[in-house]
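Reminder, nothing fancy here: chain letters follow the sequence lines and each chain counts from 1. In this text the structure is predicted, and so the values were computed from the model without any measurement.
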Amino acid sequence: MPTFKQKSFVGGMNLLVDETEIPDNAYRWMINGRQRLGTPQPIKSHVLQSDLPAGLKQGIVSLGDILIAFVAGSAYYRVEGNTGWIQVADFSMSSTAPRLWSLAVPSSKFNLERRANEDSNARSAIKIPVNTKIAGTPAGILVQDGLSQPQLILYEPVGQFLYSRVTKTYAQWNNDGTSANSREYVPIGKFMMIQNDILFIVAPDGRSVYRSISGRPLDFMVNVDVEGKKLASEAIGGAASVSFAFDYDEITALQPVNIPNAFLYGTQSQVRLVSMNFERTIFGEPLFDISAKIEAGVVNEDSVVELLGDIAFVDYENVKTFNAVRQLRIEGDNSIFSLQLSSLVDGIRQTAPRAVLWDNYGLFDINTKWGRVMAVFDTLLDVWVALDITELGYVKQFATVITESTKSLYAINTQNELYKLFSGERTTAQIMTRAWNDDDVEAEIKTELVRCIFDAGETDGTLRVREYMNNEMTQSDSRTLDGKTSGVEYPVIPPVIPHTKQLTNNNAMAFDQGRCGTKVQLHIQWDNDAKLHEIQIRVNSTAGQAAIEQQNKVLAGTTL
Amino acid sequence: MTATVNFNITELPENEVWFANAAAWNNYWQNIEADVDFTAITTTVYVPVPYNTAYQPIANAIQQADGSTVVQVFPTMDMFTSLRAQLTALDTAVQTMRTELKNAGLITNAQA
């Protein structure tokens with residue numbers, strides 16, 4: 001009687017090959033589970049944050065241990081671990097804009113006056129007279145809605161609260177000002193990026209990128225005259241006069257990469273790796289060269305994430321990777337990264353994908369044949385490990401909040417809900433194993449006994465196992481998974497009664513009511529924090545020239 | 001009243017599993033859009049009964065003892081009859097419309 005066993009699951013999901021060809025340490029798919037150490041365990045559920053004021057959820061951003069949420073044009077913040085949301089004073093932006101983009105900007109480093117060269121050549125080096133210090137720009141969170149003048153959220157250290165003010169326009173930039181914020185000019189735009197102390201803002205029409213002065217994130221007055229003053233109008237001397245673009249397509253992503261002076265510039269049809277050229281300048285600011293061009297598109301700015309040095313992004317067909325350091329030309333569909341996922345997304349167009357790196361997992365909220373899922377890539381095991389299908393639905397944005405002792409992941413979705421991810425009770429995990437068959441092609445197998453061995457969890461749970469013979473469900477059984485007793489806390493004072501609950505759940509189930517077949521597969525489902533340690537299937541094997549099913553059909557007189 | 005509702009449902013692709021759990025089922029129905037076509041209620045045509053603007057009031061000039069003249073203006077019976085006919089037609093039309101709306105299920109009460 002052969003016995004099939006599986007003791008490790010580090011191989012991850014394998015959706016490419018036939019079930020019988022899946023490696024011994026892999027599995028077909030897993031729903032709502034993780035197995036970093038080779039023992040699958042259900043994830044924790046997401047907890048709805050119902051105390052956030054109702055309304056259109058336009059964005060979330062974190063600042064250390066503070067989470068800020070933008071709701072219907074207002075902003076609210078909460079310190080991690082506290083309850084209740086505090087409204088950010090004086091913050092008011094569009095209440096109907098579907099999205100508010102935000103970025104933490106540092107204070108300015110360069111606080112000297114800039115003047116164009118007397119030769120009136122914009123390509124000449126800028127002049128920086130000595131003893132011409134001007135006011136710096138503060139650090140804060142810059143917020144854009146693409147429609148109205150951006151706002152800056154600041155921290156008041158004395159009162160310890162967040163407040164907001166409107167940033168200054170071109171008209172308000174002061175030619176002779178030296179007082180605080182007098183040399184501030186921030187154009188209206190959409191999503192943003194900081195690289196090399198330059199703030200980049202995508203224009204409202206999405207077709208060009210504005211750039212600030214190096215070292216002055218809130219000062220976009222790049223274009224100045226020989227006296228260091230702004231030109232007569234924003235149309236002549238504003239941010240658009242020194243903006244850049246590489247083609248007509250709408251810009252869908254702008255992201256720093258892990259090499260100096262470079263960033264990713266994405267559209268729906270191309271990804272460019274762009275480097276700053278400090279030899280070619282305009283008003284003393286670097287111009288840009290294309291270092292590499294990849295024939296793949298990026299759907300949006302929220303679907304790009306760095307995975308251990310590689311840049312992963314979602315295009316309209318699949319999740320792809322790009323290595324900036326090697327300037328690797330992505331082969332897209334042919335790379336191992338994309339290949340494993342291709343059977344999930346083949347023929348499915350990606351709309352509004354989202355991505356985040358969390359706990360060394362790349363989480364990709366994408367459309368698949370399974371519906372909307374969060375595909376989970378373990379960067380340490382370098383495999384796709386699971387599909388999370390939860391009430392989270394369609395994610396709009398992720399944000400990570402970090403305290404001294406904890407790290408929390410939040411997300412808002414298209415149902416205008418805010419969730420704290422992986423922070424509740426255990427969900428129900430499902431795993432579809434590989435299929436086993438006898439090495440002899442003439443042999444057929446019939447299950448006798450199934451054993452699922454778990455490292456017991458802290459709480460009780462329910463295990464259900466379903467047998468699939470030749471891809472057809474034939475029988476199922478369920479058991480209780482007993483939780484283990486927690487340890488006795490210090491100080492241990494006698495009498496101490498030893499626990500009688502087992503630390504290992506060894507569940508043997510008689511699966512002898514099924515039928516014969518060529519290959520057997522198990523669907524295992526459980527809902528506590530027990531870890532699946534090992535699977536054993538004991539089968540009877542019979543050999544014959546004709547399959548038993550075939551023989552039965554002949555005897556029954558049915559056509560084959 | 002009748003309406004036709006067409007849900008724009010995402011086509012289910014071929015797969016070994018369609019809905020892995022309850023959340024998958026709920027997520028499938030999220031953001032589903034629908035087109036609704038209402039069939040108009042059949043109503044009678046209201047034919048307006050206009051007021052006859054040709055009718056003019058009567059102006060009586062009364063000579064006073066001191067020689068001055070006081071003019072008093074009175075509406076005529078024809079004017080009143082024309083106005084009443086218009087009002088009656090409007091009243092009938094409103095009641096008919098309310099009855100038709102009630103019969104179509106859009107309002108709970110027509111008139112007493």
Side-chain angles (χ1 to χ4, degrees), chain A residues 13 15 18-19 28-33 42-43 45-46 98 343-349 351-352 365-374 386-396 413-417 419 427-432 435 464 466 468 470-473 521 523 525-527, chain B residues 1-48 90-91 93-112:
Chain A
M13 293 198 301
L15 295 151
D18 185 77
E19 299 98 341
R28 192 53 154 184
W29 46 259
M30 179 160 64
I31 305 291
N32 296 344
I43 59 172
S45 61
H46 309 319
S343 60
L344 269 184
V345 298
D346 187 34
I348 307 289
R349 187 163 176 84
T351 55
D365 192 54
I366 55 176
N367 298 327
T368 69
K369 291 182 178 179
W370 294 67
R372 188 72 174 192
V373 308
M374 199 137 67
L387 306 173
D388 287 355
I389 305 178
T390 65
E391 67 282 357
L392 188 57
Y394 291 73
V395 173
K396 216 168 168 181
N413 63 13
T414 56
Q415 301 302 304
N416 290 318
E417 297 167 323
Y419 279 92
T427 57
T428 300
Q430 305 174 45
I431 186 167
M432 181 66 94
R464 174 165 286 280
R466 297 178 180 88
Y468 283 78
N470 289 2
N471 297 114
E472 184 182 340
M473 199 194 88
Q521 200 173 11
H523 174 268
Q525 175 180 311
W526 72 108
D527 58 3
Chain B
M1 183 178 185
T2 59
T4 305
V5 182
N6 287 310
F7 287 96
N8 302 319
I9 298 176
T10 309
E11 189 179 324
L12 277 178
E14 285 298 326
N15 197 17
E16 57 192 48
V17 175
W18 274 322
F19 300 105
N21 55 21
W25 172 261
N26 292 333
N27 292 341
Y28 178 72
W29 293 102
Q30 266 188 29
N31 304 322
I32 293 286
E33 293 181 351
D35 298 318
V36 183
D37 291 318
F38 290 96
T39 303
I41 305 164
T42 302
T43 56
T44 52
V45 177
Y46 167 60
V47 180
L90 276 170
D91 179 45
V94 166
Q95 291 195 36
T96 302
M97 184 174 70
R98 286 183 65 84
T99 302
E100 287 166 343
L101 286 174
K102 185 192 172 190
N103 291 340
L106 290 177
I107 60 177
T108 55
N109 295 300
Q111 50 275 330

If every non-hydrogen atom of [X] is compared with every non-hydrogen atom of [Y], which pair is closest and at what distance?
X: B:Trp18; Y: B:Pro13; answer: NE1-O, 2.7 Å
X: B:Ala3; Y: B:Val36; answer: CB-CG1, 4.2 Å
X: B:Thr10; Y: B:Ile32; answer: N-CD1, 4.5 Å

Region of [X] that comes under 4.5 Å of a non-hydrogen atom in chain B:
X: A:Leu344; result: neither
X: A:Asn32; result: side chain
X: A:Gln525; result: neither

So, the part of B:Asn15 with a heavy atom under 4.5 Å from chain A: the answer is side chain

Name the region of B:Glu14, side chain, backbone, both or neither, that has any atom closer than 4.5 Å to a heavy atom of chain A.
backbone

Within-4.5 Å side-chain heavy-atom neighbours: A:Val395 and A:Tyr419:
no

Answer yes if the side chains of B:Thr42 and B:Glu100 hold a donor-acceptor pair under 3.5 Å, and no otherwise.
no

